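Contents: one structure, followed by commentary.
As a basis for the values below, the full set of heavy atoms in this structure was taken, side chains included, without hydrogen atoms, waters or symmetry mates. Numbering of ligands and ligand atoms starts at 1, following listing order. Being a predicted model, the structure only gives us computed values, none of them experimental.
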Amino acid sequence: MTVKKFGGSSLADADKIRQTFEIIRDSSSSPLSVVLSAMKGVTNLLVEAAECAEKGDRKYRDNIEEIQKKHLTCLDELFADNKPEGLEDAIKELLLDLSEILHGVELVRECSLKSMDLIMSFGERLNCMQVAEYLKFKGLSARYIDSRDIVKTDSTHGKGNVNFERTYREVKRALHDSDKVIPVICGFIASDEDGRTTTLGRNGSDYTASIIGAALDAEQVEIWTDVDGVLTADPRIVPNAFVIPQLSIQEAMELSFFGAEVIHPYTLVPTTDKDIPVYIKNTLNPSAEGTVITKNYTKKERFITGIASIDDLSLINIEGGGMMGMPGIASRIFSSLAEAGVNIIMITQASSEHSISILCRTEETSAAVDKLNENLEEVIQRRKIQKIDVVDNLVIIAVIGENMIGQVGLTGKLFSAVGEEQVNILAIAQGSSERNISFVIEQKNKEKALRAVHKKFIG
Ligand code: ASP
Ligand code: MG
């Protein structure tokens with residue numbers, strides 16, 4: 001079994017859908033399962049429609065129209081005068097349901113995460129329905145599968161937690177005949193115990209593919225996208241960045257958490273459990289080798305495999321002589337941030353214990369600081385903490401590589417390369433895995449630093 005997942009960019013219009021069909025048709029692997037995202041841009045249109053409807057802004061109707069036009073144009077171009085019976089009606093019926101739901105949101109002026117999940121689910125349903133029919137039209141044996149019947153989550157809307165045991169059972173049961181019929185499976189969407197629609201979080205179709213792969217003990221999972229594979233750095237900043245042929249699972253996870261937007265960070269969890277390799281391939285350039293992510297890792301010549309970064313961050317510095325030797329202070333700081341719903345990206349505390357620095361997204365800092373001031377009020381009053389200040393306009397750079405482990409002097413070389421560019425480093429963290437060294441610099445120095453490190457270590 002091979003699972004092939006195609007993202008929105010591989011399904012942007014009739015031409016792209018034809019290219020996707022060719023990849024499926026020419027595939028030498030059998031049996032095959034196909035997982036699809038919504039057509040490019042459709043999920044965003046749905047989210048925007050819901051937000052407009054909630055505000056009572058009738059613009060949501062334009063979005064429905066745009067989605068309708070995208071799909072009906074696609075049907076015309078894919079099937080011309082030979083549309084399969086009932087297909088256009090089925091698509092229109094779904095769009096009618098969508099308008100009714102959005103009208104409901106407009107009337108009650110409220111769009112809960114529950115409703116948002118339901119609204120977003122239309123993108124994958126519409127697309128998988130049309131593509132499944134197109135595969136049949138072109139002579140393949142295919143079947144549309146609504147993932148809400150097979151992928152089961154809890155009731156956390158917006159990003160459901162998968163019930164793997166139940167899901168694997170349902171997938172095996174529903175796809176038992178996939179050696180005869182290619183299932184065309186909706187990515188991203190799922191349902192909870194009560195059958196209510198949930199989703200796996202934005203860009204979650206990759207995750208669906210790996211869940212299906214793990215359930216069926218697939219030989220491989222392929223993520224088809226619009227780049228040739230995982231790159232050594234962002235090519236918009238480092239023009240000579242190139243495709244990394246092979247990544248270890250840990251490297252890929254580090255890179256994806258650090259914003260290398262190639263795969264959804266959870267994707268590798270189910271496949272790793274079952275030791276299934278994941279390939280990243282380009283629909284527009286199918287003959288390119290791509291990147292393979294495997295458990296068995298072959299040693300590379302370079303110390304650093306890839307560089308990634310996250311923009312728009314702020315550092316919250318909590319400083320005070322009274323924090324020294326005060327057990328429980330870190331825990332109070334972290335639980336305050338958790339209470340404020342703030343995600344911590346990096347933490348440093350020098351061993352003098354005089355200050356703790358926390359890196360988080362700029363948009364979350366004011367909530368974080370308010371909560372810290374509230375929860376630590378008496379510590380601040382007693383002057384054990386002297387100040388909490390915030391530095392904005394920062395970016396974190398992470399250098400990642402399995403080969404960094406145990407390399408004496410690597411950190412020295414890395415920071416000299418950054419220093420030679422006159423770039424100041426505000427905070428540093430290296431996990432004990434030694435696969436990732438992260439440092440924080442000012443946003444304005446990002447390009448200089450990325451290029452310098454890439455040049456020195458990757459070439
Ligand atoms: N269509 C969903 C999104 O745009 C899921 C996906 O593309 O993977 O987030
Ligand atoms: Mg997507």
Side-chain angles (χ1 to χ4, degrees), residues 3-13 16-17 20 33-51 63-64 66-68 70-71 74 91 94-95 98 101 111 113-132 144-148 150-151 153 156-162 167 184-191 197-214 221-227 230 252 256-257 259-271 278-284:
V3 179
K4 288 184 193 288
K5 179 261 171 178
F6 296 89
S9 57
S10 307
L11 304 155
D13 51 34
K16 296 273 166 50
I17 292 176
T20 294
S33 292
V34 172
V35 174
L36 306 180
S37 298
M39 288 181 83
K40 188 177 183 177
V42 167
T43 311
N44 286 343
L45 283 168
L46 289 165
V47 171
E48 193 189 64
E51 287 167 354
N63 286 24
I64 300 176
E66 196 176 334
I67 294 168
Q68 165 143 347
K70 250 184 211 290
H71 288 90
C74 213
I91 298 269
L94 270 183
L95 287 160
L98 172 66
I101 295 166
C111 185
L113 286 176
K114 206 186 272 176
S115 309
M116 189 59 108
D117 274 349
L118 178 62
I119 291 165
M120 288 193 295
S121 76
F122 282 85
E124 270 67 15
R125 287 151 67 195
L126 287 163
N127 195 27
C128 288
M129 207 176 259
Q130 72 180 7
V131 175
Y144 166 72
I145 305 264
D146 185 332
S147 295
R148 294 175 300 173
I150 56 174
V151 180
T153 64
T156 312
H157 287 279
K159 206 186 220 174
N161 299 298
V162 176
T167 299
V184 178
I185 305 162
C186 300
F188 177 54
I189 67 175
S191 71
T197 302
T198 57
T199 61
L200 304 182
R202 290 304 307 270
N203 300 315
S205 300
D206 298 347
Y207 190 26
T208 307
S210 80
I211 292 168
I212 304 285
V221 171
E222 299 170 7
I223 308 290
W224 289 81
T225 173
D226 57 355
V227 289
V230 180
S256 67
F257 276 110
E261 290 157 2
V262 188
I263 42 171
H264 185 281
Y266 297 167
T267 309
L268 297 168
V269 176
T271 48
V278 175
Y279 288 79
I280 314 289
K281 299 275 290 173
N282 190 351
T283 308
L284 307 176

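Distances from ligand 1 to the non-hydrogen atoms of Glu124 include at least one value under 4.0 Å. At least one heavy atom of Gly204 sits closer than 4.0 Å to an atom of ligand 1.
Close N/O approach between Asp206 and ligand 1 is not found [any backbone or side-chain N/O within under 3.5 Å]. Ligand 1 has no nitrogen or oxygen under 3.5 angstrom from a nitrogen or oxygen of Lys5.
In summary, the atoms of ligand 1 found under 4.0 Å from a heavy atom of Phe188, numbered by their order in the structure, are 2 (C), 5 (C). Atoms of ligand 1 lying under 4.0 Å from at least one heavy atom of Arg202, given by number and element, are 3 (C), 4 (O), 9 (O). Proximity to Asn203 (heavy-atom distance under 4.0 Å) selects the following atoms of ligand 1: 3 (C), 5 (C), 6 (C), 8 (O), 9 (O). Near Thr43, meaning under 4.0 Å from one of its heavy atoms, ligand 1 places the atoms 1 (N), 2 (C), 3 (C), 4 (O). Counting atoms of ligand 1 from 1 in the listed order, those under 4.0 Å from a heavy atom of Ser37 are 6 (C), 7 (O), 8 (O).
Glu66 pairs by the side-chain contact (heavy atoms from CB on, under 4.5 Å) definition with Leu45, not counting sequence neighbours. In this structure Tyr266 satisfies the ring pair (Phe, Tyr, Trp, His ring centres under 6.0 Å) test together with Tyr207, His264, sequence neighbours excluded.
Between atom CG of residue Asp206 and atom NZ of residue Lys5 there is a gap of 4.0 Å, rounded to the nearest 0.5 Å. Annotation: the span from Phe122 atom CZ to Ile64 atom CD1 amounts to 9.5 Å, rounded to 0.5 Å.
At a threshold of 4.5 Å between non-hydrogen side-chain atoms, the residues Val42 and His71 count as touching. Counting heavy atoms from C-beta outward, Val47 and Met116 have side chains that approach closer than 4.5 Å.
At a heavy-atom cutoff of 4.0 Å, ligand 1 is contacted by no atom of Met120, backbone or side chain.
Side chain of Thr153 to main chain of Gly160: no donor-acceptor pair is present (N/O by atom type, distance under 3.5 Å, no hydrogens or angles).
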